[in-house]
Every structure is written in C-alpha cells, then in structure tokens.
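Contents: one structure, followed by commentary.
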Amino acid sequence: MARRLCRLAFSACLAALSSTAAGAATPEDARRDYDAGRFTDAMGIWAQLSAQGNAEAEFGLGLLYDLGNGTPENPASAFAWYKLAAQAGVAAAQFNVGAMYDAGRGVARSSERAALWYAQAAARGHHRAQFALGLLYEQGDGVPRNPDAAAAWFQAAVDGGVSAAGARLKALKAASSRSAQGALLRTDQITGVVLAWPVVNASLTLAGDKTVALVWVAPREPKPAHYEVKVQEMSSPTPRLVFQASVIETAALVQLPSNAAHYTWKVETVMPNGFRVASDWRAFSVGLEPRLGQSMTSLPDESR
C-alpha cells in the first residue's frame, strides 16, 4: 500500500510547493514541461535548480526517478532526492520518504523511520500521511499499538477528505466499544511518550519557513490520553515559554520566534484521571541561513 500511496497526485504536490527563481529557468517552467510530458526538459531545469538548494526541484527529481519518467526508474535515487526535499520541510516529500521506508523501496524497510517521517508530514497537514501513521498505530507496526493515537490521526485524515480513513475510524471505534473498560490506571502503570524529532541537541537550518514539527512516539496505553506540549526559548538568561498546546495527535507544528536560536521542548502524557508523566526537556537549535544541501540533521540512526 505504501508504494501505491507514494505514487499518487504528484502534479498536485508539485503545484503546492513554493517557487524560487534561478537564472532563466523557474520551477513553473519545470512543472509545465512535466505536465506536458517533456520529462527530459523538466529534469534539466530541476537539476539546475537543485544545485541552488531548491526543494521543489529536489522533489521533482525524486518524482522522475520514482516513476521512471525521462530516465530509468531508480528507487534509490528517488529516495535520495525525496529525502533532501523532506529535510527542507516539504510535506509531500516527507510523506514519500515515509512511504518508501514503509515499503522498503529504494531503502531498507523500517516502519520505525516510516512512522517518524509520516508524523512530520502529518503535522504539516498532509492527510495521506495522517492516514498512514494511523495505520501504523492501529497495527502496532514501528510504533506501540495505540488505538487512541490511531483514531486521532484517522480523524485528522477524515477531516482532510481521505475516505479510507473513515472506514478505519469506524471499525476502530466499534472495536473499542466492545472492549471492557477497566479501572483508572495507577501512577505506576502510566508510561510517557518518547521524544523523537528533533533528535537530541539537533541543529536545524530553516530557510524562510520558521516552523518545526515536533514528533513523539505514543506509549502503548489501554486508556485514551492527551498530550501537553511545551517549548521554551533559551536565548535569554531566563527560559521563556513560546509554545504550549494540548493535542491528541503525536506531533505538533510550532512557529518559532525568528530572533531566537536555542530551545528546549517536552511533552506530558495526561491520562483521563489526571495522572501525568512528563518527558525530560530536550534541547534543539535553529539557524535561518539560506538552505544549500541538507537543511536538517538526520532522524535517529539514518546516518548509519
């Protein structure tokens, strides 16, 4: 299924990305060539723009290698180009990287890494990524089985018009209603989330888009939970709270102050009876320089 999802609606994805002029050729020129079937011309423009660090061009090259348009199909090259665009914060590319990890196409299969990339895209409103992440939580594949987290992501996908998510959500709710409801959990029975992205002491280079997707892995819980997310700015002598939200999903998109560089974040797991388990504070830093090449540190273990 992941491979099929990876290949849908690419023209729409390209049209949604931002454009950056580079010389005489523009992303709009490449999109017109691609839509007209002039894949070799599109590849030439995207190759030129990718040398400038243009994320749309990186995504476009990944698309050509993925589908074998204008060049022999090469999943490994597609993955590499998609990943560059994904690291620039392009949600469609983040979804495709997740889908390729999910399918083991162009890269060794890893449902754990698929879940993390899906979550980054899902936080940015990519509805098929929300559905795919919900499936992983429903099945306990790459993440702990957590029907509540699955339902939260399925609902987000339903709200985004993914019809298949509605069927999964209905089945999940039916299964939950048949389950016996036990007593409230004791404090020693509650486990907290695992902070996943940004990784420990990550240094992120953000170009224009001053947002970062915070991603955590939900625990295996027999009861529904919600999450309190907090971000502190550390550039002043006294930490200053710059973001706080209560969410039911396992990722949050945070707009960062443009004049700050150093942050810490944490997530508290809150159970229905009020018990809480807090993660430790985790540090990350950001820069706002123009992006050339990789824009972010890798997700856990990706450099190996």
Side-chain angles (χ1 to χ4, degrees), residues 2-108 113-114 117 120-121 124 126 128-129 203-209 211 213 287-299 302-303:
R3 180 172 180 176
R4 177 178 62 83
L5 287 173
C6 188
R7 291 169 168 259
L8 293 179
F10 282 103
S11 293
C13 291
L14 287 171
L17 297 176
S18 63
S19 62
T20 302
T26 68
E28 290 81 3
D29 296 328
R31 285 199 299 271
R32 282 193 293 268
D33 285 338
Y34 180 86
D35 291 339
R38 298 187 294 270
F39 302 125
T40 302
D41 292 339
M43 173 173 278
I45 295 173
W46 279 329
Q48 175 191 358
L49 294 172
S50 68
Q52 308 292 326
N54 183 280
E56 176 177 348
E58 292 162 352
F59 181 85
L61 289 172
L63 169 60
L64 293 175
Y65 282 112
D66 189 14
L67 302 181
N69 288 333
T71 184
E73 186 175 317
N74 188 325
S77 292
F79 175 83
W81 284 112
Y82 282 150
K83 187 177 173 186
L84 282 176
Q87 289 172 324
V90 177
Q94 292 170 341
F95 169 71
N96 288 355
V97 169
M100 295 187 86
Y101 269 126
D102 206 354
R105 182 169 181 272
V107 66
R113 293 175 187 173
W117 282 108
Q120 289 195 72
R124 294 184 181 275
H126 194 288
R128 284 183 290 132
S203 295
L204 316 179
T205 301
L206 307 179
D209 182 2
T211 60
L288 302 175
E289 297 82 6
R291 193 184 79 89
L292 289 175
Q294 284 193 326
S295 65
M296 295 184 177
T297 56
S298 296
L299 287 168
E302 286 199 334
S303 61

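Positions are given from 1 along the sequence.
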Electrostatic pair D29-R32, nearest N-O below 4.0 angstrom: yes

Considering all heavy atoms, the nearest G98-A114 contact: O-CB, 3.3 Å

Beyond-backbone contact of Y101 with F79, side-chain heavy atoms, under 4.5 angstrom: yes

Minimum heavy-atom distance between A78 and G62, given as atom pair plus value: CB-O, 3.4 Å

From CD (E56) to CG (L61), nearest 0.5 Å: 10.5 Å

CH2-CE distance between W117 and M100, expressed to the nearest 0.5 angstrom: 13.0 Å

Where P27 and N54 come nearest, the two heavy atoms and their spacing: CG-ND2, 4.1 Å

Shortest non-hydrogen contact between E73 and D66, atoms and distance: CG-O, 3.4 Å

Non-hydrogen atoms of L49 and A57 that approach each other most closely: CB-CB, 3.5 Å

Non-hydrogen side-chain atoms of R124 and T211 separated by less than 4.5 Å: yes

W81 backbone acceptor or donor facing E58 side chain under 3.5 Å: no

Euclidean distance, T71 OG1 relative to F39 CZ, rounded to 0.5 Å: 12.0 Å

Minimum-distance pair of heavy atoms, taken over all atoms of I45 and A25: CG2-CB, 3.6 Å

Nearest-0.5 Å distance, OH of residue Y34 to CG of residue L64: 6.5 Å

